[in-house]
Amino acid sequence: MSDSLLDSYDALLLDLDGTVYHGVNVIPGAAEVLETARERDVPVRFVTNNASKAPVAVAEHLRALGVAGVPSEVNTSAQAAAGVLRDRVAVGETVLVVGTDSLAAEVAAVGLKPVRTVRAGREGIAAVVQGHSPDTGWADLAEACLAIRAGALWVACNADVTLPAERGLLPGNGAMVAALRAATGTEPAVAGKPQTPLFETAAGSAGASRPLVVGDRLDTDIAGAVAAGMDALVVLTGVATPATLLAAVPAERARYLAADLSALTEPAELLAIGPQPGWQVHAEDGALVATGDGAADATALLRVLCGVAWQTGVTTVRASGDHAAAALVELALT
């Protein structure tokens with residue numbers, strides 16, 4: 001048997017919402033497996049598209065949930081957006097901020113002047129930066145609309161349409177970005193995942209040459225890992241579902257699949273998408289037919305199904321036998 005997945009890489013680059021926690025609720029097993037990572041000297045970096053909190057606040061939130069974390073281990077899309085602005089806007093220019101005060105602080109930290117209204121930028125608005133905030137309203141979007149229509153550079157921290165929370169999926173920054181896109185006919189420069197700078201910066205800060213990305217979203221976490229040339233583990237504690245995994249396009253396919261973070265201590269070969277002990281899957285008459293001997297769990301079946309679906313393009317599934325039928329019900333694939 002191979003080494004555990006945790007011991008096969010030199011750093012963990014972890015998404016937060018939907019991977020480590022749901023709002024104010026830590027996902028079971030997350031704190032314990034991350035403590036194991038630290039005991040084994042595997043660096044941990046939290047790479048989040050949520051731009052609403054500063055790294056110090058993210059670290060405090062983690063500790064309040066019982067998850068160890070310090071600000072230097074946190075990389076946010078707000079920091080990435082500030083980096084884009086630093087590269088594309090002259091020092092001292094005015095930037096209209098749609099988002100939290102922590103996003104405004106990141107803008108100021110790179111030598112730019114954050115404002116909240118077009119009138120406040122009397123010398124002109126060079127750019128608009130937009131990040132998630134639960135307080136964003138029509139008036140904020142109206143100011144941004146005016147600036148963008150006047151020619152300001154538009155930078156979005158991320159384009160996540162939804163945000164996982166303890167109550168379910170809520171509107172994310174991408175939902176607000178969509179409103180401005182409709183109102184301006186303009187596309188923003190997106191700074192966070194699935195763009196690669198967040199991952200590259202996090203890996204560099206950990207001194208990692210072979211990091212493992214872990215996340216719950218195919219279009220951000222996994223797509224970003226693929227774009228950065230990094231292996232990824234997708235977990236089923238957030239946005240990704242068995243159905244979306246079967247239909248994943250090549251740019252959004254992880255190497256590994258697990259129910260949750262606790263699987264990091266399991267053998268890497270058992271977490272890899274593809275053949276698994278106890279399950280057989282073949283394509284027949286336009287469907288993936290699953291057969292099991294009762295010795296393996298439903299997540300293992302999903303790894304096999306994904307492997308065959310990605311090879312054949314077939315995503316309809318059916319069971320052969322009671323054990324496979326029960327597993328497909330558990331996976332919500334029937």
Side-chain angles (χ1 to χ4, degrees), residues 1-16 18-20 29-49 55 62 67-77 79-80 83 191-238 240 245 248-276 299 303 306-307 310:
M1 192 65 69
S2 66
D3 292 338
S4 75
L5 190 58
L6 182 61
D7 295 323
S8 300
Y9 293 87
D10 59 1
L12 297 177
L13 309 186
L14 299 157
D15 176 58
L16 286 174
T19 301
V20 176
E32 293 79 5
V33 78
L34 294 183
E35 183 60 32
T36 299
R38 297 180 191 282
E39 291 172 354
R40 298 184 187 180
D41 295 323
V42 179
V44 173
R45 294 294 182 270
F46 301 103
V47 185
T48 176
N49 257 2
L62 285 166
V67 179
V70 296
S72 62
E73 294 176 326
V74 179
N75 296 90
T76 73
S77 64
Q79 293 170 313
K193 299 178 283 187
Q195 304 304 315
T196 61
L198 263 176
F199 294 114
E200 293 164 349
T201 299
S205 73
S209 60
R210 192 168 183 260
L212 178 69
V213 175
V214 186
D216 69 295
R217 298 187 72 114
L218 301 183
D219 60 344
T220 55
D221 304 319
I222 309 308
V226 172
M230 300 174 181
D231 286 348
L233 166 69
V234 61
V235 291
L236 297 174
T237 48
L245 282 165
V249 297
E252 297 179 356
R253 293 175 181 174
R255 180 172 181 178
Y256 305 101
L257 165 65
D260 55 50
L261 273 182
S262 63
L264 283 168
T265 56
E266 296 178 15
E269 65 186 52
L270 292 184
L271 299 176
I273 289 174
Q276 296 278 306
T299 306
R303 296 185 189 107
C306 285
W310 296 352

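As the structure is a computational prediction, the values presented were derived from the model and not from experiment. Just so you know, these numbers use all the heavy atoms, side chains as well, and skip hydrogens, waters and symmetry mates.
When every heavy atom of D216 is checked against every heavy atom of D221, the shortest pair comes out as N-OD2, 3.0 Å. Of all heavy-atom pairs between L198 and K193, the closest is CD1-N, 3.9 Å. Nearest heavy-atom pair, A208 versus A11, reported as atom, atom and distance to 0.1 Å: CB-CB, 3.5 Å. When all heavy atoms of E252 and A223 are compared, the pair lying nearest together is CG-CB, 4.0 Å. In terms of heavy atoms, T220 sits closest to R217 at OG1-CB, 3.1 Å. When all heavy atoms are compared, the tightest approach of A258 to R303 is CA-NH2, 3.9 Å.
Judged purely by distance below 3.5 Å, without hydrogens or angles, the side chains of S8 and D3 never pair a donor atom with an acceptor atom.
Taking CE of M230 as the start and OG1 of T196 as the end, the distance is 8.0 Å to the nearest 0.5 Å. For the atom pair L6 CG and L271 CG, the distance stands at 11.0 Å (nearest 0.5 Å). Rounded to the nearest 0.5 Å, atoms CD (E269) and CD (Q276) are 9.0 Å apart. If you take CH2 on W310 and CD1 on I273, they are separated by 3.5 Å, rounding to the nearest 0.5 Å. Atom CD of residue Q195 and atom CD of residue E200 lie 10.0 Å apart, to the nearest 0.5 angstrom. The CZ atom of F46 sits 10.5 Å away from atom OG of S72, with the distance rounded to the nearest 0.5 Å.
Residues L245 and L218 form a side-chain contact, since some pair of their non-hydrogen atoms from C-beta on lies under 4.5 Å apart. For the pair L13/N75, no side-chain contact is recorded, criterion being any heavy-atom separation below 4.5 Å from C-beta on. The shortest distance between side-chain heavy atoms of T201 and V47 does not fall below 4.5 Å. Residues L264 and T36 fail the side-chain proximity criterion, which asks for heavy atoms closer than 4.5 Å. Annotation: side chain of E32 is not in contact with side chain of L261 (no heavy-atom distance under 4.5 Å). The shortest distance between side-chain heavy atoms of L34 and L14 falls below 4.5 Å.
None of V235, V234, D260, T48 except one satisfies the side chain to side chain contact (heavy atoms under 4.5 Å, CB included) rule with T19; the exception is V235. Shown are L233, L270, L12; of these, the side chain to side chain contact (heavy atoms under 4.5 Å, CB included) with L5 is made only by L233.
At least one donor-acceptor pair under 3.5 Å links the side chain of R253 to the backbone N or O of A248. Proximity of a side-chain donor or acceptor of D10 to a complementary backbone N or O of S209 within less than 3.5 Å is detected. Looking at T76, its side chain does come within 3.5 Å of a backbone N or O of Q79 through a donor-acceptor pair.
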